[in-house]
Number of protein chains: 2
Amino acid sequence: MLSGMANPTSGRSRQAARNDVTILAAAKEVFLADKRAPVAAVAERAGVGISALYRRYAGKEDLLRRLCHDGLLTFIDQAERAAATADDWAAFEAFVHGVVEADVHSLTVHLAGTFTPTEEMSADAVRADALATALFERARPQMRAEAVPADLTMLLEMCAAVRVPDPVRTTSLRRRYLAMLLDGLRAGMALPGPAPSWAELSWRWLPRQDPPV
Amino acid sequence: MLSGMANPTSGRSRQAARNDVTILAAAKEVFLADKRAPVAAVAERAGVGISALYRRYAGKEDLLRRLCHDGLLTFIDQAERAAATADDWAAFEAFVHGVVEADVHSLTVHLAGTFTPTEEMSADAVRADALATALFERARPQMRAEAVPADLTMLLEMCAAVRVPDPVRTTSLRRRYLAMLLDGLRAGMALPGPAPSWAELSWRWLPRQDPPV
DNA sequence: ATTGAAGCGGAACGAAGCATTCCGTTCCGA
DNA sequence: TCGGAACGGAATGCTTCGTTCCGCTTCAAT
């Protein structure tokens, strides 16, 4: 085995390695558009057969879990990068922008509940929450008085609801309404009703079969 | 036929008339929670058999259409009531509050596309849009410069995305974030990217089978 | 050249889920 | 007493999907 794997663009294992990322990217696209999409749709989008997919993942749930975990890691990454920014509000803003841009929210929250989470995932979720809360707290002095960290979750949720057929336009529009939301987060009169508690939002992570819209 | 229908709370036709509203209310609840819910779920929620439902509607699509049309009429009604308010911003605010409170948005936009609309529905949709735009225009002087009527659609969309298992709490939280959104609609610096056009938002009314999450 | 197996495509299979129909029953109203 | 409106719910037939299986291709080591 002189070469190990000789040709960089050819060879069986090269193709296989490329399929790894292709399938994952296809899965992200497909499940972002429809979280209930069939597995076959992912394979079709990736331009591979179903076997290529089942060779890599034990089943649909396994793929979903991987996708969700990847999103969670992106979330954490964005938080850590943004935390380096000196200005408190700028750091918070950079973080939220990064999360919205990457469309991470749909991958985590919307897919959560469709599989039983790993312990590692749960730990990462806690870590992600801690990082996000820290960023929020830094920026809080510049927000209206009633703002709480749980509001961040809902802001992201609302941004994820902005969706048109064209993905590029979707991103553009999300920027628009994120700006509005952040402006609303900073100024205004007293907000009606009690703020959301963490408990009220954590139901998303519980296993469920029902498809809320 | 002395009595016509004697006992007000009993009698076959009385029960039937009551089922009319019961089924419609059940359908609203069920399809609000999951627009892809099976017809049987509606019957179960209403506490009736499936026949009782199929006696009233030609099929699932028929029921969906009816539900959507009802929502559209509620939307129009809210707009007309709000239009009577003298203060321009107060009128707009009352309208949006009313629509969010009634959770009309999910009934119209989210259900649109799951059936072929009636001509009457299309006409009502145009009428609804005109009324909403008028309300918007009246309040526009108090908004940030770039605001356009299409923004209203997205604001409602974002409010509809606020959802927790408890319906009462959902309404409460929507009030909270609607307040934030309206504050953001009024003040702030320049918004990024072009505003949405009507054409970009009208795709929702086109027949489709895909379930965008 | 041979060959063993990794990778793979896609048909086939079996389990669900669901809209709709059908039939037997109940009970109002004359 | 009786016709039939209204109904409950099982039965039907179809579609959708996750998963498995079989045979083919391709690569690398011999």
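Note that this is a predicted model, so its numbers are computed, not measured.
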Salt-bridged, [X] to [Y], with N to O below 4.0 Å?
X: A:Arg81; Y: A:Asp77; result: yes
X: B:Arg127; Y: B:Asp124; result: no
X: A:Glu146; Y: B:Arg176; result: no
X: A:Asp103; Y: A:Lys28; result: no

Distance check needed: [N] [atom2] versus [X] [atom1], whole Å only.
X: B:Ile23; N: D:dC7; atom1: CD1; atom2: C1'; value: 10 Å
X: A:Arg55; N: C:dA5; atom1: CZ; atom2: P; value: 13 Å
X: A:Leu63; N: D:dC17; atom1: CG; atom2: C1'; value: 15 Å
X: A:Asp20; N: C:dA6; atom1: CG; atom2: C1'; value: 13 Å
X: A:Leu53; N: C:dG7; atom1: CG; atom2: C1'; value: 13 Å
X: A:Arg18; N: C:dA6; atom1: CZ; atom2: P; value: 20 Å

Between the main-chain N or O of A:Leu72 and the side-chain N or O of A:Thr108, is there a donor-acceptor pair closer than 3.5 Å?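 No, the answer is negative, given that no donor and acceptor are paired below the 3.5 Å cut-off.
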
Could you check whether any side-chain N or O of A:Arg45 sits under 3.5 Å from a backbone N or O of A:Ala26, counting only pairs where one atom can act as donor and the other as acceptor?
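Not a single qualifying donor-acceptor pair exists.
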
Less than 3.5 Å apart, any donor N or O on the side chain of A:Arg169 or A:Ser172 sitting next to an acceptor on the other?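 Indeed, the side chains of A:Arg169 and A:Ser172 share at least one donor-acceptor pair under 3.5 Å.
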
Is it the case that A:Glu61 and A:Thr116 place a side-chain donor and acceptor less than 3.5 Å from each other?
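Side-chain D/A pair, A:Glu61 to A:Thr116: present.
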
Give a yes/no on whether any side-chain N or O of B:Asn19 is located under 4.0 angstrom from OP1 or OP2 of D:dA6.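 No, outside the criterion.
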
Hey, does the side chain of A:Arg56 come within less than 4.0 Å of C:dC8's phosphate (OP1/OP2), counting only N and O?
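Checking A:Arg56 against C:dC8: at least one side-chain N or O falls below 4.0 Å of OP1 or OP2.
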
>> Let's see if you get this right: which residues in residues 41-48 of chain A place a heavy atom under 4.0 Å from DNA chain D?
In response: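 Residues of residues 41-48 of chain A that come under 4.0 Å of DNA chain D do not exist, since none gets that close.
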
Protein heavy-atom contacts under 4.0 Å, written 5' to 3' over nucleotides 17-27 of chain C as B (base), S (sugar-phosphate only) or - (none), form the string -SSBB----BS

- Verdict with supporting geometry, A:Asp34 and A:Val30, side-chain contact (heavy atoms from CB on, under 4.5 Å): CA-CA 6 Å; A:Asp34 176 12; A:Val30 168; 6.0 Å; no

